[in-house]
Structure formats: structure tokens, C-alpha cells
Amino acid sequence: MKKIEWTLPAITRDRTAAVMAVCYPIVLEILLYCNVVWYVQIFNILLMGLFYGLFFLLMRRIRPSMIAITVLMLALSIANEFSINVRSLAFQIGDFMCLFDAMRLSSRYSFEFTPIMIKDIICSVLALTAGLVLMRRYDDKPHRRRMALGGSAVLCFSAVIAAFSGMENYNDGDIKFNINEFTRENGVLYSLFVELKQHDVNEPTGYSAENAKEALACSGGVIEESRPNLIVIMNESLADYDLVGSLPLTQDVLPYIHSLEGNCIKGRALTSVYGGYTCNSEWEFLTGSSMAFLPVTAIPYNQFIEQETDSLAASLKTLGYDTCAVHPYHGIEWNRETNYPLMGFDRFVTGESFGEVTEEMLETLPEGTEESLYFGDLDYIRGFVSDAENYRMVKKIMEEKTPGQPQFIFNVTIQNHGSYEYEGEDFESTEFCEGAKEEVNQYLTVANRSDAAFAELLAWFETYPEDTIILMFGDHQPAVEMPYTALYADAENAVAVRETNYTVPYVMWANYDVDWTAQETTSLNYLSALLKQNAGLPLDNWDTFRLETMQQYPAVNAYGALDANGQFVPLENAMQADSMKEYNRLQYYRIFDEGDPEETTESTP
């Protein structure tokens, strides 16, 4: 059979192919992000061109380079949409750092194609088909020409990107307040670039390591003979929607917590994360630092803990406490097994310590249970170690400890982890919210079981022979669209939404009489100082500073602050206050300069 040739003249074919070879990133960008403003679109083209040129240098062929850049862009787009759908948060720079953690739990989430995914797939296929057809002949040019073309493209794009990266007025205003829409409107590559630009932590204005060291130097008190045991429970995805609005409920989801009266204080606390990034809430509580002074995409557990770090555990250790962390999952997650010793924990009880796992057990796993989540013959809810089982470990530690030895336990639960689409026969949701989606009632059901497990825990400690304070708070709200009527925000108020969606409950209870200092509204960065204050323990200068700042700004998170009048204000407004500027300076010292033998002592003008 005679081979069908193109109808265009050879010279025209070559010219057309040459144009396609150079302009392929433009074609791909226009098809994927046709509604992006012009300067962002140009920047996206340059970024695509950079990767296109790099692929070209590595592969030495144009068509494989086209395939590679198309697959990369499509993968980023789908990853972004999947991330927004399952956790209500766009794909970020930090996700590359915790990719393996995410993969371990990825099977818990169902994958569904969205209209945006389908559109991007169609556009990618069209662009790639056109490119491959037009490049049938041009791809056979000599290697030297391809290498020269690719090298020139890389140098050109690199130079232009370097110039763009020096610009101060790039379009980044909305990324902190609405990263999902920002990413969808501007493209994943541009969004990641802006995040990368913001990823570095700059030295605060007026900063002096010497002044910060002096401000934090004093200890703050004499060790008391009476030191209560302290148990802190950071409960996975625990939310109380009565604190931020109202749900059309058929029954109370957290009846025990709501009924608690007498020897306790409770309220609401602001977090800086939603639907994930538990480690950032953990870091805020343990260190007393705030994500308000860090890039919105920062993950301190992965970035900033490289040496011994001050924390609540380290502080209590100097007061004679035994310090223990408990988490019924793998210790490698969020670098906990590396970070906890640097933060002052004597030991870390992980999921592997909860039970014994044999090969026979793994071969006969219960339906719905994944091997990575299985730690032996324990109590599970939706495949996760239950709060009740988790608290049995807490009780065991308290039973086995040396009498009179003050104990600090920091317990991170996992029962309420997403997603909320579990279909195993060993779990049945209760209809707490009539007519709501299954994921809503599934979440409310597991939250209700957390409430019941907490009730059993406090009942056990009521008869415990030593004075003990228990603090429980949620790490973040679940990534579930709840049909509630918000008290503090509406969909049009991006700042106020950061108060509504980033509010979790906290409760502090004791099995002995305490002269409580109550705080109805606070944030996770203040909670550890509030705990020490109510326990009657010596407060160091960092604790005292935070408690004083809390009087002016009772709550602060990565998006704003609650002022003394009860108004939630944007972060840039709060940052004008002297107390918040000093908070930023002291936190910078504690993260970057404390313990550094080469501390800088010069102030920034």
C-alpha cells in the first residue's frame, strides 16, 4: 500500500513543525488556562517552557519532551483538583514534602472525575495530538541542532524567570485567603511559584537576637512541690459546630462535652489549618509559636526542627516531668520520630507499640482494614484505631508510672481521620443531620464516639489517686461541607470565614479542685501557657509574654486575629500592634537563632 504523505510542501511542513516545537508551551497554556490574565499566562508559558527545555535536554527528542511536559501539567492539574475535592485545600509546595505520608492514606479517599479534570484531559489530548502530528518529520533533525535549540530555550526561559522572580508586585494577594480559587484561576505552576516565593521566612523588622535572648532569658518561678500530671489530647478533626453556627441536628453530637460543668473550663480555639496538616496545629500548641508569622504553606515539622527546640515538653522536663508522646499510627509520619526527641520527649509510643501483628493476622485482616493502619487485635472504627483503644494506652502509661513522678502525655488521636466515605459492614452511621450527605453523618457519628470515649476517660481519672489535668482540643475541622448556618461569617466574607472554618473546641478538666483562669476564646499557640497557668506551674518569660499578648489579641491564626473587642481582623491589621511585632521577633529567635552559636546581634533598620 502506498504511504500517504502530507499535502503541504516540505518546506512548509518544516516551518510549521519548527513553530510548533518552539510554541508548544504556548498552545498547552492557552488550552489549559484560557481565562487567566495576560501577565500570569505569560509567566505560566515561561515556566512550562523551562520544564519543556529541560525535558528536551534530557531526552534529546522533541516529541517525547512534548509528552513529558503534557503529562506533568495534567498530573499537577488533576492532583490539585483531587486535593481540593477531598480536603478542600489546593495542592501546595508542602505536599511534595509529605508525599509518602499522603500515599499511605490515599486509598481512604474515593477518586471521581470533575468537570475541570475532564476539560484538562481533553485540552491536553488535543494539544498533544496536534504537536505529535506536526512533529512527525521535524523530530528527525540532527542531535546537535536539538541540543542547541533546547539549551538556548532553557537559558532564555531561565533568564526571563529570574527577572520575573525579582519583581515585587506579582499577583499574590489572594493566595493566603483563598488558595483554592487562586490556583484554579492562575494555574498550578504559577501558584506553586508564588508559594515558593513566600516560602522563605524573612528576619522581622527591628529584630535583634541579643534583645530577644534577653527578653526570654529569665526562668519565671520556683518549682512547686505539687505538680499535677498533665495529659493533652489533640483529637483528630474534632469540631463543634455549635461554636460557629447551627446544624439541623436530630440529636446532640457532643452531649458529654456540652454537659461538662464544675471543675473545668471550655471554649473555642482558632487553628491555622483546615481539613489537614495536623502537624502545624501540633507545632503551634507545643511550641507556642504561631503560623501567623510564617508562610501559609510552611510545614515547621519538615522545615524548622533541626536541633533541640523549646516546647511544652522541654519546659515540663526541666520541672521534673516524664514526657511521653502517644500516637496510634506510624512514627515516621510528619517526622515525629525525629522531631519529638528534639522537642524534649523522653519516649514516643507509636501504633506499633499498641499491639502485636503476626503474618497470620495480616493474611486475615478484617474487612475494610488496611495493612498500614493495622496494629494488632485492637478496637478499630472505620479501620482506624479508636479513641477508646487509644485511651487504654494512656491509662496503661498512668498505671505503670512511678507514683509521685509527674507525668506529661501528649496524645494525638486518629479515629476521626478522613475520608468519611467508609463502606465497611463493621460501621454504620447515625443520622445526626436529617437529609445531609452520608459523609456528613459519618463524620458526626465518629465525633459522637469521640465524645463517648472522652466521657469514659474522665470517669476513669475521677478515681485516679494523683492530681491530674486533662486538656483536649481539635486539631482542625474536617474537610466536609456542612449544611450549617454560620454565626461569624458568610460566603462573601473571606476574612470572617477564616474564623468560622478554623474554630475547634477545647476543654480543660481536673480531678481535683482548681482555681481556674478561664478563656472563652483562644488559639492553639496560647493553650500551652494557659495549661501551665491553671496547673500552678512556674511560667517562663515566653509563657508570660503569650498570656499578656492574649489579653490584647485573645486568638490569632495564619489568617487573622480576634481583638479585645471580639472582632476578627485581617492579619495585616493585627500585625501593626507592637505586641504582635514583638511576638514575631521572639518567635523568629526561638526558631532560627536560639541555640545558634553564631547568633546575629544587629538590628534590621
Side-chain angles (χ1 to χ4, degrees), residues 226-238 240 252-266 285 312-313 316 321-329 345-351 353-355 375-381 384-416 445-475 505-514 516 527 531 534-537:
S226 177
R227 290 165 291 171
N229 300 305
L230 300 178
I231 298 174
V232 176
I233 302 163
M234 190 174 75
N235 199 296
E236 171 66 39
S237 299
L238 183 66
D240 183 354
D252 195 351
V253 177
L254 306 175
Y256 179 73
I257 292 176
H258 291 161
S259 69
L260 268 178
E261 294 180 354
N263 203 27
C264 70
I265 57 173
K266 53 186 177 179
F285 171 78
L312 176 62
L316 294 176
Y321 278 77
D322 176 74
T323 56
C324 177
V326 178
H327 182 45
Y329 193 54
F345 284 100
D346 296 316
R347 53 189 171 132
F348 180 21
V349 179
T350 64
S353 301
F354 273 66
F375 300 104
D377 188 15
L378 306 172
D379 181 40
Y380 297 89
I381 292 180
F384 294 111
V385 174
S386 70
D387 281 5
E389 187 70 58
N390 174 85
Y391 296 151
R392 291 189 191 104
M393 177 59 73
V394 172
K395 296 173 190 175
K396 179 182 178 182
I397 293 171
M398 297 302 292
E399 288 174 332
E400 295 177 352
K401 83 177 193 68
T402 303
Q405 167 65 44
Q407 179 71 56
F408 169 57
I409 297 177
F410 180 66
N411 177 211
V412 181
T413 71
I414 198 171
Q415 170 190 291
N416 301 341
T445 300
V446 295
N448 176 255
R449 296 195 187 182
S450 282
D451 182 76
F454 188 61
E456 293 178 2
L457 179 70
L458 296 200
W460 188 86
F461 271 98
E462 282 180 351
T463 60
Y464 189 74
E466 295 180 359
D467 291 351
T468 303
I469 293 180
I470 297 177
L471 164 65
M472 183 173 74
F473 61 91
D475 60 347
Y506 87 88
V507 55
M508 197 180 299
W509 173 93
N511 65 355
Y512 67 103
D513 291 333
V514 174
W516 296 103
L527 266 182
L531 174 63
N534 280 294
L537 296 174

Kindly say whether [Y] contributes a backbone atom to a donor-acceptor pair with the side chain of [X] at under 3.5 angstrom?
X      : Y      : answer
Lys266 : Leu260 : yes
Asn235 : Gly474 : no
Asn411 : Val326 : yes
Asn229 : Pro406 : no
Gln415 : Ile381 : no

Can you tell me how far the [atom1] atom of [X] sits from the [atom2] atom of [Y], to the nearest 0.5 Å?
X      : Y      : atom1 : atom2 : result
Asn263 : Met508 : CG    : CE    : 12.0 Å
Arg227 : Gln405 : CZ    : CD    : 7.0 Å
Tyr464 : Tyr512 : OH    : OH    : 13.5 Å
Leu316 : Thr323 : CG    : OG1   : 8.0 Å
Ile231 : Phe408 : CD1   : CZ    : 10.0 Å
Asn511 : Cys264 : CG    : SG    : 13.0 Å

Qualifying residues under salt bridge (charged side-chain N to carboxylate O under 4.0 Å, His left out), relative to [X], sequence neighbours excluded:
X      : answer
Lys401 : Glu466
Asp346 : Lys317
Arg449 : none
Asp322 : Arg347

Look at the rings of [X] and [Y] and say which category their plane angle falls in: under 30° parallel, 30 to 60° tilted, over 60° perpendicular.
X      : Y      : result
Tyr256 : Phe454 : perpendicular
Phe410 : Phe285 : parallel
His327 : Tyr329 : perpendicular

Legend entry - Ala388 to Ala453 - nearest heavy-atom pair and separation: N-CB, 3.8 Å
Legend entry - Gln407 to Cys324 - nearest heavy-atom pair and separation: NE2-CB, 3.7 Å
Please examine the side chains of [Y] and [X], heavy atoms only from C-beta on, and report whether any two atoms are closer than 4.5 Å.
X      : Y      : result
Leu471 : Asn534 : no
Leu238 : Leu254 : yes
Glu236 : Val412 : no
Phe354 : Asn390 : yes
Met472 : Ile257 : yes
Ser386 : Leu378 : no
Ser450 : Asn416 : yes

Inset, instruction - Look at atom CD of Glu400 and say whether more than 12 heavy atoms of other residues, nucleotides or ligands are closer to it than 6.0 Å. - result: yes
Inset, instruction - May I ask you to check whether over 12 heavy atoms, not counting those of Lys396, lie within 6.0 Å of atom NZ? - result: no
Inset, instruction - Please assess Arg392 against Glu389 for the test salt bridge (charged side-chain N to carboxylate O under 4.0 Å, His left out), listing each intermediate value before the final yes or no. - result: CA-CA 5 Å; Arg392 291 189 191 104; Glu389 187 70 58; 2.9 Å; yes
Legend entry - All side-chain contact (heavy atoms from CB on, under 4.5 Å) counterparts of Ala535, not counting sequence neighbours: Pro228, Leu230, Ile469, Leu537
Inset, instruction - Begin with the C-alpha distance, continue with both residues' side-chain angles, and end with the deciding distance and a verdict on side chain to side chain contact (heavy atoms under 4.5 Å, CB included) for Met234 and Phe473. - result: CA-CA 5 Å; Met234 190 174 75; Phe473 61 91; 3.3 Å; yes
Legend entry - Side-chain donor-acceptor pair present, Asp240, His258, cut-off under 3.5 Å: yes
Legend entry - Residues which pass ring pair (Phe, Tyr, Trp, His ring centres under 6.0 Å) with Trp516, listed by chain and number, not counting sequence neighbours: none
